[in-house]
Amino acid sequence: MNVPYAEVIGDPIVQSKSPVIHGFWLEKLGLEGRYDRAHVTAEGLADYLAVRRADPDWRGCNVTMPHKQAVIPLLDRLDPLAQRIGAVNTIVPEDGALVGYNTDAPGFLEPLRDELDRTHYFRMARVLGTGGAARAIIAALADEHMVIVLAGRNVDKARGLLDELDAEGEHHVASLDHFADATDFAFDDREGCFDLVVNASSLGMTGQSPLVFDMSHAPPGSVFYDIVTSPLETDFLKAAKAAGFRTVDGLSMLIGQADHAFRRFFGAVPPRGEADTELRARLLA
């Protein structure tokens with residue numbers, strides 16, 4: 001008997017943790033279904049979607065690098081958030097149409113939700129990196145009324161991203177080098193403020209160059225968030241922890257975005273809360 005299935009596509013794909021996450025939830029809920037990984041090249045993307053569109057058991061797919069923007073012309077329509085971000089990480093068949101969503105944005109915000117649901121006098125996020133992942137993060141933070149300081153190697157690219165994703169916002173740009181050097185800036189009283197420092201780049205990832213950030217740029221009480229998942233505790237997070245800051249690791253965003261996708265694929269709410277501890281242990285095994 002055929003079973004409903006979803007999958008993750010990318011090139012390469014062997015490193016994806018998504019099958020572990022979705023497989024864990026299917027198992028916990030006792031749902032009939034499976035979640036696979038499929039190696040799809042840029043040249044094979046159109047054929048892949050054409051074949052899956054005709055498969056009644058296919059419930060959709062997650063999309064990872066390098067296809068998050070390349071899939072857009074091949075879809076029938078986009079969710080408004082995905083349209084604005086200009087990137088799709090989840091495709092779902094709906095009444096014969098292929099619909100693109102972006103669950104990276106809500107997934108990124110999930111571990112910050114308790115803080116964001118409070119009232120603040122002022123909210124600022126220092127976002128490091130201007131690559132593909134930064135697009136969803138910028139859009140998500142702008143929707144939460146945060147002032148963004150976007151740092152990249154190319155400040156013109158940073159300004160262009162801010163103008164594209166939140167033209168009305170009063171945001172700022174800086175070079176990555178600016179945050180690498182110490183500052184003697186005296187922060188004012190941060191009572192009632194929310195400050196966030198995000199590594200939205202691949203810097204600090206296994207095999208990549210290190211991310212250099214001097215802690216003097218972080219206001220007291222800042223939350224440090226790194227989207228890198230390998231290693232899970234990056235040098236960036238270790239330094240923040242050692243300096244007394246709260247930290248959020250990359251698995252938080254990965255599990256959060258998967259939650260939103262799972263609901264669309266399998267029509268069920270994944271078990272969270274205490275189950276997250278067991279899921280994390282499985283992902284790190």
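L141 and V149 sit in two unconnected hydrophobic clusters of ILVMFWY residues. Membership requires side-chain heavy atoms under 4.5 Å apart, directly or through other members. Placement of F245 and V223 in two distinct hydrophobic clusters is found when ILVMFWY residues are connected by side-chain heavy-atom separations under 4.5 Å, directly or transitively. I137 and M124 fall into different hydrophobic clusters, where Ile, Leu, Val, Met, Phe, Trp and Tyr side chains are chained together by heavy-atom contacts under 4.5 Å. By the criterion of side-chain heavy atoms lying less than 4.5 angstrom apart, applied directly or through intervening Ile, Leu, Val, Met, Phe, Trp or Tyr residues, Y225 is not grouped with M205; the two fall into different hydrophobic clusters.
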side-chain contact (heavy atoms from CB on, under 4.5 Å) between V228 and L211, worked out: CA-CA 11 Å; V228 168; L211 172 63; over 6 Å; no
Residues V147, H172; criterion side-chain contact (heavy atoms from CB on, under 4.5 Å); working and verdict: CA-CA 8 Å; V147 173; H172 313 280; 3.9 Å; yes
Worked check of side-chain contact (heavy atoms from CB on, under 4.5 Å) between S252 and R280: CA-CA 9 Å; S252 301; R280 279 176 164 267; 3.1 Å; yes
Check against side-chain contact (heavy atoms from CB on, under 4.5 Å), R37 and Q15: CA-CA 10 Å; R37 56 167 64 88; Q15 81 292 346; over 6 Å; no
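Here the NE2-NE2 distance, from H120 to H145, works out to 12.5 Å after rounding to the nearest 0.5 Å. Note that OG1 of T103 and CZ of R264 are 8.5 Å apart. Values are rounded to the nearest 0.5 Å. Note that OG of S18 is 5.5 Å distant from CG of L254, once rounded to the nearest 0.5 Å. To the nearest 0.5 Å, atoms CG (L279) and CG (L284) are separated by 9.0 Å. Between I138 atom CD1 and I85 atom CD1 the span is 10.0 Å, to the nearest 0.5 Å. From I13, atom CD1 reaches atom NE2 of H67 across 8.0 Å, with rounding to the nearest 0.5 Å.
Taking both residues in full, the closest heavy atoms of S216 and A182 are given as OG-CA, 3.5 Å, listed atom of the first, atom of the second, then distance. The nearest pair of heavy atoms linking I21 to A258 is CG2-CB, 3.8 Å. Closest approach of A97 to R53, counting heavy atoms only: CA-NH1, 4.3 Å. Of all non-hydrogen atoms in A268 and F262, the two that sit nearest each other are O-CD2, 3.5 Å. Shortest non-hydrogen contact noted between A54 and P56 is O-CD, 3.3 Å. Closest of all the heavy-atom pairs between G250 and L232 is N-CD1, 4.1 Å.
Between the R84 side chain and the L165 main chain, a donor and an acceptor come within less than 3.5 Å of each other. Remark: side-chain polar atoms of R123 are paired, donor with acceptor, to backbone N or O of L116 under 3.5 angstrom. In terms of modelled atom types and a separation under 3.5 Å, the side chain of R52 and the main chain of G60 share no donor-acceptor contact. Looking at R135, its side chain never comes within 3.5 Å of a backbone N or O of A87 through a donor-acceptor pair. The backbone N or O of E7 sits nowhere less than 3.5 Å from a side-chain atom of D36 that would complete a donor-acceptor pair. A distance-only check finds no donor-acceptor pair linking the side chain of D76 to the backbone of V99 [under 3.5 Å].
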Donor-acceptor pairs under 3.5 angstrom involving side-chain atoms of residues 186-197: please list them, not counting sequence neighbours.
residue, atom, partner, partner atom, Å
D188, OD1, R190, NH1, 2.8
D189, OD1, E191, N, 3.1
R190, NE, D195, OD2, 2.9
R190, NH2, D195, OD1, 2.8
R190, NH2, D195, OD2, 3.0

Could you list the donor-acceptor pairs under 3.5 angstrom formed between side-chain atoms of residues 150-157 and any protein atom two or more places apart in sequence or on another chain?
residue, atom, partner, partner atom, Å
N154, OD1, D156, N, 2.9
N154, OD1, K157, N, 3.0
K157, NZ, T130, O, 3.4

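Residues P271 and L29 meet the side-chain proximity criterion, which asks for heavy atoms closer than 4.5 Å. Counting only heavy atoms from C-beta outward, the side chains of P12 and H39 never approach each other to under 4.5 Å. Here the side chains of L128 and L203 are not in contact, with every heavy-atom distance at 4.5 Å or above. The closest side-chain heavy-atom distance from V198 to F108 is below 4.5 Å. For the pair Y101 and L81, the minimum side-chain heavy-atom distance is 4.5 Å or more. Residues L283 and I255 have side chains in contact (heavy-atom distance under 4.5 Å, counting atoms from C-beta outward). For the pair R126 and P219, the minimum side-chain heavy-atom distance is below 4.5 Å. Under the 4.5 Å side-chain criterion, counting only non-hydrogen atoms from C-beta, F224 is not in contact with N199.
Under the side chain to side chain donor-acceptor pair (under 3.5 Å) criterion, E170 pairs with no residue, sequence neighbours left out. Under the ring-ring contact (aromatic ring centres under 6.0 Å, His included) criterion, Y35 pairs with H22, sequence neighbours left out. Evaluation of the side-chain contact (heavy atoms from CB on, under 4.5 Å) rule for T206 yields S230, P231 as partners, not counting sequence neighbours. A search for side-chain contact (heavy atoms from CB on, under 4.5 Å) contacts involving V51 returns nothing, not counting sequence neighbours. Residues satisfying the side-chain contact (heavy atoms from CB on, under 4.5 Å) criterion with R282, sequence neighbours excluded, are V20, F24, E27, E278. In this structure D104 satisfies the salt bridge (Lys or Arg N to Asp or Glu O under 4.0 Å) test together with K68, sequence neighbours excluded. Applying the ring-ring contact (aromatic ring centres under 6.0 Å, His included) rule to H178 yields the partners H217; only residues at least two apart in sequence or on another chain are considered. In this structure R272 satisfies the salt bridge (Lys or Arg N to Asp or Glu O under 4.0 Å) test together with E110, D259, D276, sequence neighbours excluded. Residues passing the salt bridge (Lys or Arg N to Asp or Glu O under 4.0 Å) test with D11: none are found, sequence neighbours excluded.
For the side chain to side chain donor-acceptor pair (under 3.5 Å) with T234, the lone residue among T229, T247, D249, D226 that qualifies is D226.
Residues D177 and S175 bring no donor and acceptor atom of their side chains to less than 3.5 Å of each other.
Cluster partners of L98 are Y5, I9, V40, L45, Y48, L49, W58, V63, V71, I72, L74, L75, L78, V88, I91, counting Ile, Leu, Val, Met, Phe, Trp and Tyr whose side-chain heavy atoms approach within less than 4.5 Å, directly or via other members.
Heavy atoms of other residues, nucleotides or ligands lying less than 6.0 angstrom from CG of D117 number more than 12.
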